[in-house]
Amino acid sequence: MDGRDWSKFLLPYQQAVEELKIKLKSLRTELKARDEYAPIEFVTGRVKRISSILEKAKRLSVPIDQIETGIEDIAGIRIMCQFVEDIHRVADMIRIRKDLRLVYEKDYITNFKDSGYRSYHIIVEYPVQTSLGSMPVLAEIQIRTLAMNFWATIEHSLNYKYREQLPEHVRERLRKASEAAFALDREMSSIRQEIVDAQQDFEEKSGIVRKVLNDIQGLYFFRRVREAAQFQLRFNELWEQEDMWALAELSQEIQAALARAGKSNSSQ
Ligand SMILES: Nc1nc2c(ncn2[C@@H]2O[C@H](COP(=O)(O)OP(=O)(O)OP(=O)(O)O)[C@@H](O)[C@H]2O)c(=O)[nH]1
Ligand SMILES: Nc1ncnc2c1ncn2[C@@H]1O[C@H](COP(=O)(O)OP(=O)(O)OP(=O)(O)O)[C@@H](O)[C@H]1O
């Protein structure tokens with residue numbers, strides 16, 4: 001081992017992973033808040049363990065003093081999407097960011113691996129602001145669908161179990177399973193618009209319901225018990241009839257009642 005302080009070595013990578021996770025999760029939150037389509041389902045990240053870094057350095061013949069440039073996935077981010085099309089949208093979003101520099105991309109979707117592995121990888125350089133100044137670190141961003149992630153997670157744990165010595169029949173079944181997962185992705189893509197519309201519809205409906213129930217709680221807070229109970233009864237009826245138009249109208253009525261209650265409460 002060289003004279004590195006390994007306890008401090010990972011600090012900038014930990015910071016990079018935390019910051020990138022927050023930024024990419026915020027992208028999703030922000031798009032949702034704007035009622036726009038969010039191509040990101042969820043984001044995870046990890047920092048590679050020192051033992052795993054050293055093993056990989058040995059395997060790839062990277063000298064210890066060149067680990068920072070020779071191993072690109074010490075900081076790792078993974079973005080899960082619903083549809084294959086979303087992967088390309090997310091990649092576009094990453095390409096135009098000003099807070100990182102694109103180093104190179106690996107398209108394991110078009111050129112899937114022999115194992116059956118599929119994902120889109122982007123290697124970026126991300127400047128971490130440390131107490132010693134700005135420090136650029138490499139990070140690997142893997143973008144994949146939920147089905148690709150399902151496959152890769154199972155395959156990774158099988159490889160772990162068999163210590164990279166997967167029996168050929170298991171390997172072959174995994175390749176077949178990868179094809180099946182990709183067929184599922186293709187099938188989902190073909191009905192993407194219906195799924196997206198249904199999800200948007202569901203979110204609008206649950207937004208109205210949340211608002212109605214919150215506002216009824218607000219009326220109770222202002223001691224408008226009878227009014228609140230009447231609204232609750234009308235809500236129950238309309239909910240049973242699944243009459244979303246009438247529910248939207250009821251929501252406006254409750255909002256007005258809540259505003260009146262708030263006003264008279266503050267003038268008392
Ligand atoms: N589950 C699974 N993950 C893979 C496979 N191939 C690549 N990956 C993931 O993608 C990362 C980068 O792989 P590569 O693009 O091949 O990069 P590499 O650093 O040259 O190779 P590795 O030694 O596999 O890390 C790996 O560290 C894994 O997280 C695979 O066959 N199965
Ligand atoms: N970019 C990434 N983002 C999030 N998690 C990751 C990323 N890359 C790997 N992981 C996960 O981190 C865990 C530890 O894996 P490890 O650090 O050994 O990396 P690996 O990519 O699987 O292996 P290696 O790069 O050494 O071939 C695994 O569960 C793996 O799925």
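For the pair Phe235/Ile254, no side-chain contact is recorded, criterion being any heavy-atom separation below 4.5 Å from C-beta on. Between Leu10 and Ile53, some side-chain heavy-atom pair lies under the 4.5 Å cut-off. The shortest side-chain heavy-atom distance between Ile50 and Leu54 falls under the 4.5 Å cut-off. For the pair Ile67 and Ile74, the minimum side-chain heavy-atom distance is below 4.5 Å. Using a 4.5 Å heavy-atom cutoff, the side chains of Lys23 and Leu27 are not in contact. Contact check for Ile77 versus Thr44: no side-chain heavy atoms found under the 4.5 Å cut-off. In this structure, Lys106 and Ser119 have side chains that are not in contact, with every pair of non-hydrogen atoms separated by 4.5 Å or more.
Atom CD1 of Ile122 is separated from atom CD of Glu105 by 4.5 Å, given to the nearest 0.5 angstrom. Rounding to the nearest 0.5 angstrom, the gap separating the CD atom in Glu85 from the OG1 atom in Thr145 is 10.5 Å. To the nearest 0.5 angstrom, Arg59 atom CZ is 8.0 Å from Ser52 atom OG. For the atom pair Arg260 CZ and Arg224 CZ, the distance stands at 8.0 Å (nearest 0.5 Å). The line from CD of Glu36 to CG of Leu31 is 5.5 Å long, rounded to the nearest 0.5 Å. Here Tyr120 contributes atom OH and Ile109 contributes atom CD1; the two are 8.0 Å apart, rounded to the nearest 0.5 Å.
Arg89 has no carboxylate O lying under 4.0 Å from a charged side-chain N of Asp92, or vice versa, which leaves the two without a salt bridge. Between Arg78 and Glu140, none of the side-chain N atoms (NZ, or NE/NH1/NH2) sits under 4.0 Å from a carboxylate O, so this pair counts as no salt bridge. Under a 4.0 Å N-O distance rule, the pair Lys205/Glu242 does not qualify as a salt bridge. For the pair Glu179 and Lys176, the salt-bridge criterion is not met [side-chain N within less than 4.0 Å of a carboxylate O].
Side-chain contact check for Gln82 and Gln199: at least one donor-acceptor pair (N or O, by modelled atom type) lies under 3.5 Å. Neither side chain, Glu68 nor Gln66, offers a donor N or O lying under 3.5 Å from an acceptor on the other.
For the side-chain hydrogen bond (donor to acceptor under 3.5 Å, both in side chains) test with Ser51, the passing option among Arg49, Glu55, Lys48 is Arg49; the others fail.
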Stepwise salt bridge (Lys or Arg N to Asp or Glu O under 4.0 Å) test for Arg234 and Glu237: CA-CA 5 Å; Arg234 283 175 63 195; Glu237 237 168 68; over 6 Å; no

Test log, rule side-chain hydrogen bond (donor to acceptor under 3.5 Å, both in side chains), inputs Glu204 and Gln200: CA-CA 6 Å; Glu204 268 166 29; Gln200 212 160 8; 5.2 Å; no

Pair Arg144-Gln142, side-chain hydrogen bond (donor to acceptor under 3.5 Å, both in side chains): steps then yes or no: CA-CA 7 Å; Arg144 44 171 79 159; Gln142 301 178 344; 3.1 Å; yes

CA sep, side-chain torsions, deciding dist, call: Cys81, Glu41, side chain to side chain contact (heavy atoms under 4.5 Å, CB included): CA-CA 5 Å; Cys81 307; Glu41 199 53 21; 5.7 Å; no

Ser115 and Arg171: CA distance, side-chain angles, deciding distance, side chain to side chain contact (heavy atoms under 4.5 Å, CB included) verdict: CA-CA 7 Å; Ser115 59; Arg171 236 182 253 279; over 6 Å; no

Derivation and outcome, side chain to side chain contact (heavy atoms under 4.5 Å, CB included), residues Tyr126 and Glu19: CA-CA 10 Å; Tyr126 180 76; Glu19 290 183 11; 2.4 Å; yes

Trace of the side chain to side chain contact (heavy atoms under 4.5 Å, CB included) decision for Phe221 with Gln217: CA-CA 6 Å; Phe221 176 78; Gln217 283 304 312; over 6 Å; no

Derivation of the side-chain hydrogen bond (donor to acceptor under 3.5 Å, both in side chains) call for Asn236 and Glu240: CA-CA 6 Å; Asn236 293 350; Glu240 244 167 57; over 6 Å; no

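Both Phe150 and Leu166 sit in one connected hydrophobic cluster of ILVMFWY residues. Membership requires side-chain heavy atoms under 4.5 Å apart, directly or through other members. When the side chains of ILVMFWY residues are joined at heavy-atom separations under 4.5 Å, either directly or via intervening members, Trp239 and Leu219 end up in a single hydrophobic cluster. In the hydrophobic clustering of this structure, Ile71 groups with Val17; members are Ile, Leu, Val, Met, Phe, Trp, Tyr whose side-chain heavy atoms approach within less than 4.5 Å, directly or through other members. Note on Phe231: it clusters hydrophobically with Val225, by side-chain heavy-atom contacts below 4.5 Å among ILVMFWY residues. Val43 and Ile87 fall within the same hydrophobic cluster, where Ile, Leu, Val, Met, Phe, Trp and Tyr residues are linked whenever their side-chain heavy atoms come under 4.5 Å apart, directly or through other members.
The two residues Ala75 and Leu138 make their nearest non-hydrogen contact at CB-O, 3.7 Å. The shortest non-hydrogen separation linking Ala181 to Ala147 is O-CB, 3.8 Å. Glu125 approaches Val103 most closely through the heavy-atom pair N-CG2, 3.7 Å. Between Leu100 and Pro127, the closest heavy-atom pair is CA-CD, 4.5 Å.
Here the side chain of Asp73 pairs no donor or acceptor atom with the backbone of Gly76 at under 3.5 angstrom. Judged purely by atom type and a 3.5 angstrom limit, Ser26 uses its side chain to pair as donor or acceptor with the backbone of Ile22. Without hydrogens or angle criteria, Ser189 side chain to Asp185 main chain gives a donor-acceptor distance under 3.5 Å. Side-chain atoms of Gln14 never come within 3.5 Å of backbone atoms of Val47 as a donor-acceptor pair (strictly under, hydrogens ignored). Between the side chain of Arg28 and the backbone N or O of Ile40, at least one donor-acceptor pair lies under 3.5 Å. Side chain of Ser157 to backbone of Ile154: a donor-acceptor contact under 3.5 angstrom is found. Side chain of Asp86 to backbone of Phe83: a donor-acceptor contact under 3.5 angstrom is found. Looking at Ser61, its side chain never comes within 3.5 Å of a backbone N or O of Ala57 through a donor-acceptor pair.
For the ring-ring contact (aromatic ring centres under 6.0 Å, His included) condition, the pairs that include at least one residue of residues 8-51, sequence neighbours left out, are Trp6-Phe9, Phe9-Tyr13.
Counting heavy-atom neighbours within 6.0 Å of Arg173 CZ, excluding the residue itself, gives a total of 12 or less. In the displayed structure, Met135 atom CE is contacted under 6.0 Å by more than 12 heavy atoms of other residues, nucleotides or ligands. At most 12 heavy atoms of other shown residues, nucleotides or ligands fall within 6.0 angstrom of atom CZ in Arg223.
Ring geometry, Trp151 versus Tyr117: the interplanar angle falls from 30° to 60°, so the pair is classed tilted.
Contacts of Glu249 classified as salt bridge (Lys or Arg N to Asp or Glu O under 4.0 Å), with partners at least two apart in sequence or in another chain: none. Residues forming a side chain to side chain contact (heavy atoms under 4.5 Å, CB included) with Glu30 (at least two apart in sequence, or on another chain): Arg34.
The cationic group of Arg118 does not satisfy the cation-pi geometry with Tyr108, failing either the under 6.0 Å distance to the six-membered ring centre or the 45° limit from the ring axis.
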